[in-house]
Each structure stands twice: as structure tokens, then as C-alpha cells.
Amino acid sequence: MYWGDVFTSPLFFCYLCLLKLYSNGRKMFHKNLKNFPKDFLWGASTSAYQVEGAYNEDGKGLSVQDTKEVIKDTPDFNVSSDHYHHYKEDVALFAEMGFKTYRFSISWVRIFPNGVGEVNPKGIKFYNDLIDELLAHNIEPLITMYHFDLPDALQQKGGWSNRETVDAFVNFAKVLFENFGDKVKYWLTINEQNMMILHGAAIGTVNPGAKNIQKELYQQNHHMMLAQAQTMKLCHKMCPKGKIGPAPNISSIYPATSKPEDVLAAQNFSAIRNWLYLDMAAYGRYNAIAWSYMVEENIEPTIEEGDMEILKGGNPDFIAFNYYCTATAQESRIEDKGAKTSGGDQQISTGELGVFKGAQNENLQKTEFGWEIDPVGFRTTLREIYERYNLPLIVTENGLGAYDKVEEDGTIIDDYRIDYLRKHIEQARLAITDGVELLGYCPWSAIDLISTHQGFKKRYGFIYVNRDEFDLKDLSRIKKKSFFWYKNVIKTNGEEI
Ligand code: BG6
């Protein structure tokens with residue numbers, strides 16, 4: 001037999017198939033798992049307006065979250081979890097769980113009650129005290145500068161549509177670096193900028209009654225990008241040891257079927273939901289598909305001279321992102337009636353006529369609040385982002401909103417939350433084994449807080465806060481079952497989940 005015959009023989013063909021199967025198998029199932037890195041940043045997240053309360057204390061100004069119309073059957077954010085007055089107790093509980101990091105946001109209006117102008121010393125003091133308390137417990141602060149709570153005074157002047165807000169933000173960032181830059185290593189610029197553009201009505205950053213504002217929104221987006229790029233540059237200048245990155249909400253998008261048109265729809269959705277934001281943050285350029293979409297819809301922003309240079313100057317050190325679940329898209333034809341829908345929220349998108357149509361994924365279960373649960377999609381998302389940008393990643397949100405119940409003996413048995421987090425941590429480890437550089441994992445949320453639009457009843461925390469939608473009760477803190485579980489996860493560096 002000649003070598004030529006060997007290569008064309010059926011036996012050799014079978015060998016090739018087996019080899020392929022084996023290598024695919026290894027890629028999906030890995031024989032040996034890598035460990036979480038030694039200094040992995042285990043922690044959890046909150047945001048200022050959802051957890052702090054004290055909405056009008058110590059010189060704080062009002063943000064758009066304080067002035068927006070309160071959603072029916074949900075509470076306002078005046079007291080939230082009253083973390084402002086309980087922060088020492090809360091940090092002690094975070095330390096008891098073994099947090100290596102705590103991701104929280106700074107309320108812009110505590111520092112600048114009017115967004116610009118006079119600094120409020122009591123605001124600086126509160127965050128200095130919080131940071132010191134964390135450091136005293138060996139917890140690394142991971143600070144979001146802006147989490148949905150634009151100063152109302154700036155909103156009155158046009159908010160992000162007004163280019164002056166870019167300077168106001170950079171000035172705010174400068175004050176943060178001046179005051180906390182020596183103690184804080186990890187900074188996040190803007191939380192879920194993509195969701196403020198796509199679902200601003202649900203999360204209260206856009207007036208729900210506003211019509212035809214797409215063009216304005218993409219101009220706002222451009223301004224936020226400019227603010228972000230300048231802030232990242234400033235961080236590197238002012239805080240030599242500081243590390244900074246964006247924090248959008250990113251999800252893999254599946255095509256509903258293998259029909260090529262569905263694949264295109266998934267790519268479209270991914271471009272306008274994910275890559276528009278990350279391509280700009282990481283590469284300083286507009287994603288081509290997203291840009292064409294905006295031009296075709298006549299909603300592209302005006303780019304002033306010099307803007308693209310500014311955008312190129314950002315250079316994040318890492319990419320932080322929030323992940324709750326994947327999304328699924330199918331083709332949407334221009335002639336499809338009724339496909340153009342508004343509404344939805346961070347994880348539920350109905351679609352856009354001629355671009356994509358949101359679809360259900362029959363393979364996935366849902367939370368009590370209708371969000372799909374997709375741990376494997378967490379791995380695909382981690383892989384996609386890392387492959388695309390080659391920057392270290394930090395997960396800044398991931399979690400399950402549920403109706404928790406206090407049992408008669410005072411315990412809270414949130415096995416469903418443990419199950420959700422366990423499966424996601426499992427996938428994070430697989431992604432690390434795949435080669436993804438993951439620096440940290442911060443589920444949402446460290447402690448119960450108010451959901452963006454579904455009230456206090458939608459709880460996410462490891463720590464229960466004893467209040468209801470409208471009855472503030474005693475706001476005492478109770479450790480849920482997940483508290484003890486997560487404590488052990490951290491103690492064993494993710495070995496025991
Ligand atoms: C993210 C936000 O979109 O999801 C958080 O960054 C939010 O602020 C979290 O709370 C969960 O969403 P929701 O709508 O259930 O509060």
C-alpha cells in the first residue's frame with residue numbers, strides 16, 4: 001500500500017473523524033480544569049441609588065432617579081436599603097463572607113449636588129469612610145463612577161444631549177481621582193451605557209413618554225463615549241497604579257435557527273447591543289454594522305472635529321461587563337407588520353423592524369421575573385469578549401432576582417439563587433480553562449436593594465434586608481442560605497461550589 005492510498009482509505013477517514021470528535025470533546029469538556037487565579041477578585045455589587053437611601057441628607061442633590069415618576073406598585077429610592085446609615089454593618093458582613101472586592105457606585109450628586117460647581121465635602125467624607133472601612137477589612141474597592149443616576153440639574157439642561165455634560169463628567173471623575181485615587185485601584189466608568197440607550201425608559205434614564213428620540217439617544221451615546229475615553233485617559237495620568245474599564249451589559253446572541261437570515265439577525269442585534277459599545281471603548285472606533293444601521297435609520301450622531309482622536313485615546317485596562325442571560329434573534333423583514341416594538345428591559349428585547357426580532361429560546365428556563373437562565377451562555381459570552389478584545393475581564397453583575405421568603409424560624413432558604421450562581425461559576429471556570437483571562441466575579445447583588453423597575457420584591461442579595469415594598473420595617477440584615485454558601489466558595493477559591 002502506498003502513502004497516497006493510506007490518506008484516501010476509509011480507515012484513515014474514520015481516524016480523522018475520531019480525532020475531530022476527541023478534540024471537540026476536549027474543547028467543550030476539558031479533562032482538567034484550571035483553578036481560579038490565586039488573587040481572584042471574589043465579591044459582589046451594588047449601585048448608589050439602589051442601596052444607599054438618605055436621598056436628601058448631608059447636602060446630596062437629586063438625581064434623575066429621585067425625580068423620575070415612580071413606577072406603579074414600586075417604592076421610590078428615598079430609603080432603599082439604607083446602606084448610607086448601615087455601611088459599617090454591611091461591610092462587616094461582606095468581610096464575613098470573605099469578599100476580596102466590593103463593587104459599588106458613587107452618587108454623582110453626593111459629590112456635586114448640581115452635577116458641577118461646588119463639591120459637597122460631606123459626600124467626599126461618606127465615600128472616604130466607606131473606602132477606608134473596606135480597606136480595613138482587606139476588601140478592594142471597585143468603583144463605578146456613574147450608574148444610571150445623572151444629576152437632575154444636568155438633566156434639566158439637556159442631560160447627555162448637551163455636550164457640556166461631557167465636561168461635567170470628566171470634572172467629576174477628576175475630583176474622584178484627586179480624592180480617592182491613592183486608595184482605589186479599580187475604576188469603572190459608566191454602568192450599562194448600552195442599556196441606557198436601548199432601554200432607558202425601563203431603567204428610568206429616559207422619559208417613558210418621549211417619542212422619536214432615537215437620534216438624540218445616539219448623540220447622547222456619542223457624548224458618553226467621549227466622556228468615557230477622556231476619563232480613562234485621565235485615570236492613567238492621575239493614578240499611575242489605577243486600572244479602569246467600561247461596564248456594559250453584554251450577552252451572546254443566538255440565532256433562533258441555523259437559517260442564514262436568523263444568523264444575520266443575531267449578528268445585527270449583537271452589533272447594536274454589544275459591539276457598538278465595546279468596539280468604541282476598546283478600539284476607539286464605531287462598529288461598522290452598528291454605524292451602517294444608524295446611518296440607514298438616520299439616527300447617527302454628529303461627530304465633531306477631534307472627536308475620533310479623543311475616542312482613540314481611551315485605552316481601557318480591562319473590560320468589565322454584566323451578564324444575566326443570552327438573547328435569541330430571528331430574521332425581521334421590513335414588511336413584517338408589528339415587529340417594531342418598544343418596551344422590554346435589559347434582558348428582554350422585542351426587536352427592531354428589518355434588523356432583528358427577539359425570540360424565545362426553548363432550551364432555557366426562566367426566572368420568576370421572566371429572564372432566561374443560561375449559564376453556558378455565560379461561558380460563550382466570556383469567550384466572545386475575550387477573543388474579540390484580548391483584555392482581562394471582570395464580571396461586575398450576574399444574579400437571580402426572586403421573591404425570597406423568611407421562614408418561621410427566620411431563615412431564608414434561597415436554593416434557587418445558589419443553583420443559579422453555582423452554575424455560572426462552573427461556567428466561569430470552564431471559560432478560564434478555555435483560556436479567558438478573568439480577574440474577578442461580582443454577582444448582583446451584595447445585599448438586597450431596589451430593582452431598577454420591579455421594586456424591592458425582586459431580591460438579588462446574599463443578605464436579606466428586612467423591609468417590604470412600602471413598609472420599611474426595621475431594615476435589619478439577615479444572612480440568607482446563599483450567604484454561607486458563597487462564603488465557602490470564596491474560602492475555597494471556587495473549588496467547592
Ligand atoms: C443591571 C443594572 O441592568 O441589572 C442594575 O446594572 C440592575 O442596576 C440589575 O439592578 C438587575 O436588573 P433589575 O431590573 O432586576 O433591577
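Read the numbers this way: they start at 1 and go in the same order the structure lists the ligands and their atoms.
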Practice task
Just jot down the ligand 1 atoms closer than 4.0 angstrom to any heavy atom of N191, in number order.
Solution key: 6 (O)
Practice task
Around atom 11 (C) of ligand 1, find the nearest protein heavy atom and jot down its residue, atom name and distance.
Solution key: Y460 OH, 3.3 Å
Handout entry: Centroid-centroid distance, F169 to W108, less than 6.0 Å
Key = yes
Exercise for the section: Calculate, to the nearest 0.5 Å, the distance between atoms CE and CD belonging to M224 and Q193 respectively. Expected result: 5.0 Å
Exercise for the section: Anything under 30° is parallel, anything over 60° is perpendicular, the rest tilted; go ahead and classify W275 against Y389. Expected result: tilted
Practice task
With heavy atoms under 4.0 Å as the rule, classify the contact between W444 and ligand 1 as side chain, backbone, both or neither.
Solution key: side chain
Handout entry: H147 touching ligand 1 at heavy-atom level, < 4.0 angstrom
Key = yes
Exercise for the section: Determine whether the side chain, the backbone, both or neither of N322 has a heavy atom under 4.0 Å from any heavy atom of ligand 1. Expected result: side chain
Practice task
For N249 and N194, test the side chains for any donor-to-acceptor distance below 3.5 angstrom and give the result as yes or no.
Solution key: no
Practice task
Report the relative orientation of the aromatic rings in F378 and F321; use parallel for angles under 30°, tilted for 30 to 60°, perpendicular for over 60°.
Solution key: tilted
Exercise for the section: Tell me which part of L449 gets within contact of ligand 1: side chain, backbone, both or neither, using heavy atoms under 4.0 Å. Expected result: neither
Handout entry: W371 near ligand 1 by a heavy-atom separation under 4.0 Å
Key = yes
Exercise for the section: Find all atoms of ligand 1 within a distance of less than 4.0 Å from any non-hydrogen atom belonging to H453, and give their numbers and elements. Expected result: 14 (O)
Problem - N/O separation below 3.5 Å, Y49 to ligand 1 - result: no
Problem - Nearest-neighbour protein heavy atom for atom 3 (O) of ligand 1, which is reported as residue plus atom name and distance - result: E192 OE1, 2.5 Å
Handout entry: Nitrogen or oxygen of S47 less than 3.5 angstrom from that of ligand 1
Key = no
Problem - Polar proximity ligand 1 side, N249 side, N/O cut 3.5 Å exclusive - result: no
Problem - Q454, any N or O under 3.5 Å of ligand 1 N or O - result: no
Exercise for the section: For the pair Y146 and W160, name the ring-plane relationship: parallel under 30°, tilted 30 to 60°, perpendicular over 60°. Expected result: tilted
Practice task
For the residue pair Y286 and H222, categorise the inter-ring angle as parallel (less than 30°), tilted (30 to 60°) or perpendicular (more than 60°).
Solution key: parallel
Practice task
Determine whether any heavy atom of M195 lies closer than 4.0 Å to an atom of ligand 1.
Solution key: no
Practice task
Between K458, M196, Q346, E397, flag the one that comes closest to atom 5 (C) of ligand 1 by a heavy atom.
Solution key: E397
Practice task
Measure the acute angle between the ring planes of Y460 and Y324, then classify it against the limits of 30° and 60° as parallel, tilted or perpendicular.
Solution key: perpendicular
Practice task
Just say parallel, tilted or perpendicular for the rings of F36 and F40, cut-offs at 30° and 60°.
Solution key: tilted
Handout entry: Heavy atom of the protein closest to atom 9 (C) of ligand 1 (residue, atom name, distance)
Key = Y324 OH, 3.3 Å
Handout entry: atom 10 (O) of ligand 1: nearest protein contact (heavy atom, Å)
Key = Q50 NE2, 2.9 Å
Handout entry: Audit row: Y186, D317, side-chain hydrogen bond (donor to acceptor under 3.5 Å, both in side chains) steps and yes/no
Key = CA-CA 10 Å; Y186 295 104; D317 300 292; over 6 Å; no
Handout entry: Nearest-contact summary for atom 16 (O) of ligand 1 - protein heavy atom, Å
Key = T452 N, 2.8 Å
Exercise for the section: Indicate yes or no for a side-chain donor-acceptor contact from N466 to the backbone of S476 under 3.5 Å, with no hydrogens or angles considered. Expected result: no
